[in-house]
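Below is one structure, written out as structure tokens; comments come after it.
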Amino acid sequence: GLALRCIGEAQLALGELTAAHTTLTTAVALADSTVPPSPFLPYQLVELARAEIELGHPDRALPLLARSLGLFGGNRVDRGHAEVPRARALNDLARSGEAKAALEAISDVIPSAGLERADWNFELARALWSEPSEYERARKLAEQALAIQNDAHQTRAAVRIRAWLAPRR
């Protein structure tokens with residue numbers, strides 16, 4: 001299961017979305033088939049949810065993320081791994097208030113730099129855009145996210161952020 005999750009993550013990073021979805025679905029099924037379920041199951045659910053989001057199905061991602069959050073329990077750091085993609089799904093479904101609340105609740109467990117911070121910044125920027133008084137803050141957060149993604153050579157993520165920023169400058 002763990003090896004399949006790693007393969008699925010690589011496929012997601014390469015943009016091989018259908019293959020990633022298939023791989024991660026198998027990883028989740030394997031992790032869920034043991035008694036008790038594998039301790040890796042919540043992480044695999046998060047990655048499968050990411051695949052659903054990338055495939056344009058944020059509505060399918062939310063139940064996976066809810067289950068993952070339930071399995072993570074009170075571990076706030078691990079919950080942070082699920083809340084950022086959950087915020088993306090909520091933003092994609094035009095539920096920015098819920099996305100903003102989820103992101104603000106985990107702001108203290110997100111690293112101050114790196115790709116997790118970039119994802120958090122961008123999803124918060126998207127959530128804030130529904131409030132005209134937050135436009136400037138949203139642009140700054142998105143620009144910071146773009147800089148991090150560019151530095152890390154994360155082309156797909158950078159393209160997505162640039163596309164969002166373009167009409168908002």
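Screening L115, I161, D119 against I148 for a side chain to side chain contact (heavy atoms under 4.5 Å, CB included) leaves a single residue, L115. Between Q44 and the choices T26, L30, V28, the side chain to side chain contact (heavy atoms under 4.5 Å, CB included) rule is met once, by V28. With L45 as the partner, the side chain to side chain contact (heavy atoms under 4.5 Å, CB included) test is satisfied by one option alone out of L69, L24, L71: L71.
The cluster map of Ile, Leu, Val, Met, Phe, Trp and Tyr, joined by side-chain heavy atoms under 4.5 Å apart, puts L4 and L55 in different clusters. L124 and V84 fall within the same hydrophobic cluster, where Ile, Leu, Val, Met, Phe, Trp and Tyr residues are linked whenever their side-chain heavy atoms come under 4.5 Å apart, directly or through other members. If you chain together hydrophobic residues whose side chains sit under 4.5 Å apart, V109 and L141 fall into the same group. Under the 4.5 Å side-chain contact rule for hydrophobic residues, I110 and V77 share a cluster.
Formation of a donor-acceptor pair under 3.5 Å by the R67 side chain with backbone atoms of P42 is not found in this model. Judged by distance alone, the side chain of T25 and the main-chain N or O of H21 form a donor-acceptor pair under 3.5 Å. No side-chain donor-acceptor contact under 3.5 Å links D78 to the backbone of F72. Between the side chain of R79 and the main chain of G73, a donor-acceptor pair closer than 3.5 Å is present. For W120 (side chain) and L103 (main-chain N/O), a donor-acceptor pair under 3.5 Å exists by modelled atom type.
By the 4.0 Å N-to-carboxylate-O rule, E54 lies too far from R50 to be salt-bridged with it. Salt bridge annotation for R76-D108: present, with a cationic side-chain nitrogen under 4.0 angstrom from a carboxylate oxygen. With salt bridges taken as basic N to acidic carboxylate O contacts below 4.0 Å, none links E143 and K140.
Note: D59 CG to L93 CG = 6.0 Å, rounded to the nearest 0.5 Å. Between Q11 atom CD and T23 atom OG1 the span is 3.5 Å, to the nearest 0.5 Å. Remark: I53 CD1 to R86 CZ distance equals 11.0 Å, nearest 0.5 Å. Going from atom CG of L146 over to atom CG of N121 covers 11.5 Å, rounded to the nearest 0.5 Å. Rounding to the nearest 0.5 Å gives a distance of 9.5 Å between OG of S68 and CD of E47. One finds the CG atom of L17 at 11.0 Å from the OG1 atom of T22 (value rounded to the nearest 0.5 Å).
The shortest distance between side-chain heavy atoms of H81 and E116 falls below 4.5 Å.
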Practice item. Go through Q149 and R160 one step at a time and tell me if the side-chain contact (heavy atoms from CB on, under 4.5 Å) criterion holds. Key: CA-CA 10 Å; Q149 298 290 8; R160 186 170 162 259; over 6 Å; no
Point to revise | Verdict with supporting geometry, R5 and L2, side-chain contact (heavy atoms from CB on, under 4.5 Å) | key: CA-CA 5 Å; R5 183 179 118 212; L2 181 58; 3.8 Å; yes
Practice item. Please report the C-alpha distance between L62 and R95 in whole Å, then the side-chain angles of each, then the deciding distance to 0.1 Å, and finally whether the side-chain contact (heavy atoms from CB on, under 4.5 Å) criterion is met. Key: CA-CA 12 Å; L62 288 176; R95 294 166 56 184; 3.6 Å; yes
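Using a 30° and 60° split on the angle between ring planes, W129 and Y135 fall in the parallel class, below 30°.
Across A82 and L65, no two heavy atoms sit closer than the pair O-CD2, 3.8 Å. When all heavy atoms of A89 and A61 are compared, the pair lying nearest together is CB-CB, 4.5 Å.
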